[in-house]
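Quick note on labels: first sequence line is chain A, next is B, and so on, each numbered from 1.
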There are 2 protein chains.
Amino acid sequence: MLVNRQGKLTAVDQKYPIPLTSSNIRAACAQCSLRELCLAVGLDNEDLHKLDDFVIRRKIKRGQQIFRAGDPFEALYAIRIGFFKTDILTEEGLEQVTGFHMAGEIIGMDGISNDYHVCNATALEDSEICIMPYDQLEELSRHIKSLQQQFHKFMSREIVRDQSLMILLGSMRAEERIAAFLLNLSQRMRVRGYSASEFHLRMTREEIGSYLGLKLETVSRAFSKFHDEGLIGVQQKYIRILNAEGLKALLNHAPS
Amino acid sequence: MLVNRQGKLTAVDQKYPIPLTSSNIRAACAQCSLRELCLAVGLDNEDLHKLDDFVIRRKIKRGQQIFRAGDPFEALYAIRIGFFKTDILTEEGLEQVTGFHMAGEIIGMDGISNDYHVCNATALEDSEICIMPYDQLEELSRHIKSLQQQFHKFMSREIVRDQSLMILLGSMRAEERIAAFLLNLSQRMRVRGYSASEFHLRMTREEIGSYLGLKLETVSRAFSKFHDEGLIGVQQKYIRILNAEGLKALLNHAPS
DNA sequence: CGTGGCATTGAAAACCGTCAAAATCCGTGG
DNA sequence: CCACGGATTTTGACGGTTTTCAATGCCACG
């Protein structure tokens, strides 16, 4: 990992492992605006406070990692504010992005199966997470049925998400992948109350390409083409969706 | 879906939904040879019998489906004997295979998130499954900690499996994918006590291609090339691994 | 022994990756 | 505040890999 002058941090600069500092505060799920997106869906106030008892809220700076491949698995992490990527270093030494994650999503579930994480989780902007120690979460979910159910739904949702990415990677051509990617981002922004039609990309073209199984030049070319066709506006990382229907149309007429 | 003369069954021929017949019998997890591969890992005899109480064992004929996309989610299915594929019909009407599943594996977890299944599960040979009604499994896993933990590990393992397929689809070229596929199959056969060096493929070239994001011709060509190079023996669906190290070597020197 | 799915093989085309160069952006230091 | 420099992005030309199209062969099953 290298330094650049734009604030991306080295392994040395990163506070890692996450230190116990004054920025750690107890969560307050009952007051959290993401209550309906997060694990807490459907819990009453009493149960929410039981969650609060062991969930720790923490700020994460851009470039900082929550966990890395090989780290012992200890907790799941709910994103309160911000944007993360998860990636895996392949055996050939290439980084492959496995997901981009926004507020209300939970990361770290890959660690449950083998007691260590298989991917890295890195903040792509200044963020805030809720750390949920897994032993306690497991314990509590044995006592609160709706927490158990929500947790299972989150795991299953991750499986379904991964499978739709498999379909994207296995059956779509480059421009379809990019269109699907933009529409997916747009839709997730909408759910969170942000504008679905204009947003900043927090990741580089290379990271997008890695996620979609494409080279960065191909990503750039697709953006330019969509721009020329009036489907989107592109200014570096700032994207406007000008013709969502047009993007959707690219997905349906699969020439493959 | 079409009939052919080799025993693949049509939707009409299939017994679907799975009927209540005399082929349904109570499971006997304590006696099951897959106890150490399945959800029952680590359970004592008393707890095993609690599982038996609601797990139903059933035979599934080749071509028959356990569930289909859109079906209400009711149960998870442990494979006792046999071989299954899961696939999704994409919006363009193409089938994409999302997984091949062997004895000891659990399918259906995609259904938890939305209360209906998103994929189809089809037997590729005569098989036997254990049906685990989900409500009861969830209930029991609140009372048996090690069952809860095993269940979570299975879900997480599915996530990790999907992610390694994402890496395969996103970063490997055709021959690497085929080599990885063969080695993966081989390894899973070994774990189950079968020969790791020779086995019958239960799926067609087209299904392999669909799974790996390749066309069937590309799969066939890779098989022929590996055959010519002495890495494998190929006679239709019968495969022999002649040089596993040679196959592994294909994975490490990624020219990409 | 014929039929139909499945598999193999070849040739040409399409798509995307590679390589290379130029442009743009942005944080930093002067 | 401006200029510098590295990272990122864009764009072009070319080449390689995989798909597409097409024809043939193979095998299991009736």
Q: Which heavy-atom pair separates B/A196 from B/M189 by the least distance, and what is that distance?
A: CA-CB, 4.4 Å
Q: Looking across every strand, which nucleic acid part, if any, lies under 4.0 Å from A/L214 by heavy atom: base, sugar-phosphate, or nothing?
A: sugar-phosphate
Q: Apply side-chain contact (heavy atoms from CB on, under 4.5 Å) to B/A123 and list each qualifying residue two or more places apart in sequence or on a separate chain.
A: B/I60, B/F84, B/S127
Q: Note down the inter-axis angle between the two ends of the helix from C/dC1-D/dG30 to C/dG30-D/dC1, five pairs each, to the nearest 10°.
A: 40°
Q: Under 4.0 Å between a side-chain N/O of B/K237 and OP1 or OP2 of D/dA28, yes or no?
A: no
Q: Tell me: CG of B/D228 to P of C/dT8, nearest whole Å?
A: 11 Å
Q: Would you mind checking if A/E105 and A/R161 are paired as a salt bridge, meaning a charged N to carboxylate O distance below 4.0 Å?
A: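 No, no charged N to carboxylate O under 4.0 Å.
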Q: Between C/dT8, D/dT20, D/dT10, which one does the side chain of B/V234 approach most closely?
A: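 Given the options C/dT8, D/dT20, D/dT10, the side chain of B/V234 is closest to C/dT8.
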Q: Using a cut-off of strictly less than 4.0 Å, decide whether A/T218 has a side-chain nitrogen or oxygen near OP1 or OP2 of C/dG17.
A: yes
Q: Between N or O atoms, less than 3.5 Å apart, protein on one side and nucleotides 21-25 of chain D on the other: list the pairs.
A:
unit_1: D/dC21; atom_1: N4; unit_2: B/E217; atom_2: OE2; d: 3.3

Q: Consider the side chain of B/K215, meaning its heavy atoms from C-beta on, and name the nucleotide among C/dT9, D/dT19, D/dT9 that approaches it most closely.
A: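 That would be D/dT19.
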Q: Can you tell me the distance, in whole Å, between the CD1 atom of A/I178 and the C1' atom of C/dC15?
A: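 For the pair A/I178 CD1 and C/dC15 C1', the rounded distance is 14 Å.
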Q: B/S224 side chain N/O closer than 4.0 Å to the phosphate oxygens (OP1, OP2) of C/dT9?
A: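 Checking B/S224 against C/dT9: at least one side-chain N or O falls below 4.0 Å of OP1 or OP2.
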